[in-house]
Amino acid sequence: MINIIVAIDKNYLIGDRNKIPWDIPEDLKLFKEKTTDNFLLMGRKTFESIGKPLPNRVNIVISKSLDSEFKIEKNKLYKFEDLLNKIIVFSNIEDGLEFYKKINFENNYNKDIFIIGGGSIYNEFIQKKKFDKLCISHINGEYLGDTYFPKINFKNYKINFEKKFNNFIYREYI
Ligand SMILES: NC(=O)c1ccc[n+]([C@@H]2O[C@H](COP(=O)([O-])OP(=O)(O)OC[C@H]3O[C@@H](n4cnc5c(N)ncnc54)[C@H](OP(=O)(O)O)[C@@H]3O)[C@@H](O)[C@H]2O)c1
């Protein structure tokens, strides 16, 4: 399953100068809980902003300028464990998604891929409607920044799950 996971403020803001505009540990904890033991797909700038592979997840980075230190051998059957704590770079989104699907299928896994940003990657997935679920932390308030999530109308989706926290509401939409 392809999940988009993001934290947005009231104006759909997601980033400021390559950082998250707020500091909400509870949301980071939730992000960790949701994504651990699954695949991640992110843009190069988001990867650079995080600065390291996120542990216990397969980290797929999309970039035309970065080289992949991890070289994929075409006919090798990779296990999830082989790929942990490594950065696997693809020059386009389709190849990154194919890699996830192949490993999931060949190993008979039931793992999800989480699209973790940033703005340009979210835009592409939303525009092409390439997702099964939206996992949104709706952050209370309005912040300053430079990067936004596409202005979709959440009313067009069904709320599948909802949980209230101090500074935000987390909802899953299908
Ligand atoms: N609030 C949240 O939940 C959240 C989550 C994630 C990120 N963010 C924020 O979002 C901001 C970063 O977003 P961003 O839009 O500036 O950058 P980004 O999407 O993280 O990365 C952009 C880069 O990804 C690569 N890329 C994107 N689409 C591609 C494609 N179709 N084919 C090949 N490469 C592609 C390109 O890398 P190359 O230039 O190397 O080719 C591009 O320059 C930061 O402020 C970050 O903190 C917020």
Side-chain angles (χ1 to χ4, degrees), residues 1-8 14-15 18-74 76-126 128 130-137 139 147 149 160-161 163 165 168 170-174:
M1 193 150 95
I2 301 177
N3 301 305
I4 290 180
I5 189 162
V6 65
I8 63 174
I14 62 163
N18 224 17
K19 292 211 171 67
I20 306 276
W22 42 80
D23 178 20
I24 303 180
E26 257 188 323
D27 186 47
L28 296 178
K29 188 168 165 244
L30 185 65
F31 174 85
K32 187 176 172 191
E33 273 168 29
K34 294 281 168 191
T35 58
T36 291
D37 210 26
N38 288 296
F39 289 71
L40 307 176
L41 184 147
M42 70 197 91
R44 190 254 307 162
K45 292 185 184 169
T46 293
F47 165 60
E48 286 177 350
S49 153
I50 299 169
K52 59 174 175 40
L54 288 168
N56 304 315
R57 286 153 274 191
V58 171
N59 289 251
I60 294 174
V61 174
I62 308 299
S63 167
K64 290 197 194 300
S65 67
L66 283 183
D67 265 344
S68 197
E69 279 179 24
F70 185 82
K71 302 284 178 218
I72 297 163
E73 293 171 42
K74 267 221 161 142
K76 182 167 172 179
L77 172 59
Y78 288 100
K79 298 266 176 229
F80 190 74
E81 294 68 33
D82 299 333
L83 306 166
L84 288 178
N85 306 317
K86 306 212 162 50
I87 291 296
I88 307 154
V89 180
F90 291 93
S91 62
N92 64 75
I93 289 173
E94 288 67 33
D95 287 356
L97 281 178
E98 271 316 303
F99 183 68
Y100 151 71
K101 285 179 187 162
K102 185 170 180 278
I103 290 166
N104 227 7
F105 177 75
E106 285 178 347
N107 289 293
N108 217 2
Y109 293 150
N110 195 16
K111 293 189 185 293
D112 285 349
I113 188 162
F114 284 84
I115 312 309
I116 67 160
S120 69
I121 296 285
Y122 289 139
N123 265 326
E124 200 161 327
F125 275 82
I126 294 286
K128 295 189 178 158
K130 229 188 279 181
F131 59 90
D132 302 297
K133 200 198 278 176
L134 295 165
C135 305
I136 313 280
S137 293
I139 308 293
T147 313
F149 193 72
N160 189 38
F161 176 80
K163 191 171 175 191
F165 293 84
F168 66 99
Y170 173 77
R171 288 198 186 110
E172 293 181 354
Y173 299 88
I174 49 173

Original post:
So does Lys130 pair up with Glu94, basic N to acidic O under 4.0 Å?
Top reply: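 Salt bridge present between Lys130 and Glu94.
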Determine yes or no for a side-chain-to-main-chain donor-acceptor pair under 3.5 angstrom, with [X] supplying the side chain and [Y] the backbone.
{"X": "Thr147", "Y": "Ile14", "result": "no"}
{"X": "Tyr170", "Y": "Asp27", "result": "no"}
{"X": "Asn56", "Y": "Asp37", "result": "no"}
{"X": "Asn104", "Y": "Lys102", "result": "no"}
{"X": "Ser137", "Y": "Ile139", "result": "no"}
{"X": "Asn59", "Y": "Leu54", "result": "yes"}

Subject >> Pairing residues for Asn3 by the side chain to side chain contact (heavy atoms under 4.5 Å, CB included) criterion, not counting sequence neighbours >> reply: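 Checked Asn3 against side chain to side chain contact (heavy atoms under 4.5 Å, CB included); matches are Met1, Asp112, Phe114, Lys133, Cys135.
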Does [X] reach the side chain of [Y], with side-chain heavy atoms less than 4.5 Å apart?
{"X": "Ile121", "Y": "Glu124", "value": "no"}
{"X": "Leu97", "Y": "Phe125", "value": "yes"}
{"X": "Ile115", "Y": "Ile2", "value": "yes"}
{"X": "Asn85", "Y": "Pro55", "value": "yes"}

Distance, nearest 0.5 Å, that separates [atom1] of [X] from [atom2] of [Y]:
{"X": "Ile62", "Y": "Ile88", "atom1": "CD1", "atom2": "CD1", "answer": "10.5 Å"}
{"X": "Ile103", "Y": "Asp82", "atom1": "CD1", "atom2": "CG", "answer": "8.5 Å"}
{"X": "Trp22", "Y": "Leu28", "atom1": "CH2", "atom2": "CG", "answer": "11.0 Å"}
{"X": "Asn92", "Y": "Glu98", "atom1": "CG", "atom2": "CD", "answer": "10.0 Å"}

**OP:** Could you check Phe47 against Leu40 for side chain to side chain contact (heavy atoms under 4.5 Å, CB included), going step by step and ending with a plain yes or no?
**Re:** CA-CA 11 Å; Phe47 165 60; Leu40 307 176; over 6 Å; no
**OP:** I would like to know whether Val6 and Ile136 meet side chain to side chain contact (heavy atoms under 4.5 Å, CB included); could you show each step before the answer?
**Re:** CA-CA 5 Å; Val6 65; Ile136 313 280; 3.5 Å; yes
[atom1] of [X]: more than 12 outside heavy atoms within 6.0 angstrom?
{"X": "Lys32", "atom1": "NZ", "answer": "no"}
{"X": "Glu81", "atom1": "CD", "answer": "yes"}
{"X": "Lys29", "atom1": "NZ", "answer": "no"}

Original post:
Which of parallel (below 30°), tilted (30 to 60°) and perpendicular (above 60°) describes Phe149 and Tyr122?
Top reply: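 Taking Tyr122 first and then Phe149, their aromatic rings stand perpendicular (interplane angle over 60°).
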Original post:
What are the two closest non-hydrogen atoms of Ile116 and Ile50, and how far apart are they?
Top reply: CD1-CD1, 4.1 Å
Subject >> Taking every non-hydrogen atom, the tightest pair across Val61 and Arg44 >> reply: CG1-CA, 3.9 Å
**OP:** Take Met42 and Glu48 through the test side chain to side chain contact (heavy atoms under 4.5 Å, CB included) and record every step on the way to the result.
**Re:** CA-CA 10 Å; Met42 70 197 91; Glu48 286 177 350; over 6 Å; no
Subject >> Worked verdict on Ile60 versus Ile113 for side chain to side chain contact (heavy atoms under 4.5 Å, CB included) >> reply: CA-CA 10 Å; Ile60 294 174; Ile113 188 162; 4.3 Å; yes
Subject >> From Tyr109, Tyr78, Phe80, residue fulfilling ring pair (Phe, Tyr, Trp, His ring centres under 6.0 Å) relative to Phe39 >> reply: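 Of the listed options, the one satisfying the test is Phe80.
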